Amino acid sequence: MARILVIDDEETVRGLIRQILAQAGHEVEEAENGAAGLAAMRLQAAELVITDIIMPEMEGVETVLALRKEFPDTPVIAMSGGGRTANFDFLATAKKLGAARVLQKPFRPATLLEAVAACLR
């Protein structure tokens, strides 16, 4: 299976995603924000990155841009519970900037696993 990096500022969300992916046989690395995620990728690149959009320090759209620049062959799944804030749709923006898939939180485990499988094909 694949090595997957999960970037989210909420520890409980990271833990839940880790559990779902580990049960499916994946190796999971975690990071609490975009800057920590990029540092982890530079140390040992993952085959797939799943990142939240709304985070402190380095938010998700900026993280997607940096990942596309430094790791252009690594697919990225962007996720957000905020979705649309005022007139700005963060998930649509992440998709335009290179995210392979987007997920609106909350999502079902099967939805996450389907997105992961599609990105790893």
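Everything numeric in this text was worked out from a predicted model, so none of it was measured. Atoms considered below: every heavy atom in the structure, side chains included; atoms not considered: hydrogens, waters and symmetry mates.
- Between the side chain of R18 and the main chain of V28, a donor-acceptor pair closer than 3.5 Å is present.
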Please determine whether side-chain contact (heavy atoms from CB on, under 4.5 Å) holds for the pair M79 and L112, giving the CA-CA distance in whole Å, both sets of side-chain angles, and the decisive distance to 0.1 Å. CA-CA 10 Å; M79 59 184 177; L112 173 64; over 6 Å; no

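- Listed here is the closest heavy atom pair of L91 and L103: CD1-O, 3.7 Å.
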For residues 49-60, please give each side-chain donor-acceptor pair under 3.5 Å, one per line with the distance, not counting sequence neighbours.
from : atom 1 : to   : atom 2 : distance (Å)
D52  : OD1    : K105 : NZ     : 3.2
E57  : OE2    : N33  : ND2    : 3.4
E59  : OE1    : V61  : N      : 2.8
E59  : OE2    : E62  : N      : 3.1

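- Residues forming a side chain to side chain contact (heavy atoms under 4.5 Å, CB included) with L113 (at least two apart in sequence, or on another chain): I20, L21, A24.
- Taking every heavy atom of both residues into account, A31 and A36 meet most closely at CB-C, 3.8 Å.
- Sorted by first then second residue, the salt bridge (Lys or Arg N to Asp or Glu O under 4.0 Å) pairs that include residues 63-73, not counting sequence neighbours, are R42-E70.
- Every residue was checked against the side-chain hydrogen bond (donor to acceptor under 3.5 Å, both in side chains) condition with R101, not counting sequence neighbours, and none meets it.
- Side-chain atoms of K95 do not come within 3.5 Å of backbone N or O of V102 as any donor-acceptor pair.
- With contacts defined as side-chain heavy-atom distances shorter than 4.5 Å, the pair Q19/Q23 qualifies.
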side-chain contact (heavy atoms from CB on, under 4.5 Å), that's the test. Do E30 and I7 meet it? Break it down for me. CA-CA 6 Å; E30 296 179 33; I7 306 170; over 6 Å; no

Quick one: do L48 and L5 satisfy side-chain contact (heavy atoms from CB on, under 4.5 Å)? Show the steps, please. CA-CA 6 Å; L48 172 65; L5 173 62; over 6 Å; no

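- Applying the salt bridge (Lys or Arg N to Asp or Glu O under 4.0 Å) test to every pair with at least one member in residues 110-121, sequence neighbours left out, gives no pairs at all.
- Partners of E29 according to the side-chain hydrogen bond (donor to acceptor under 3.5 Å, both in side chains) rule, which considers only residues two or more places apart in sequence or in another chain, are R3.
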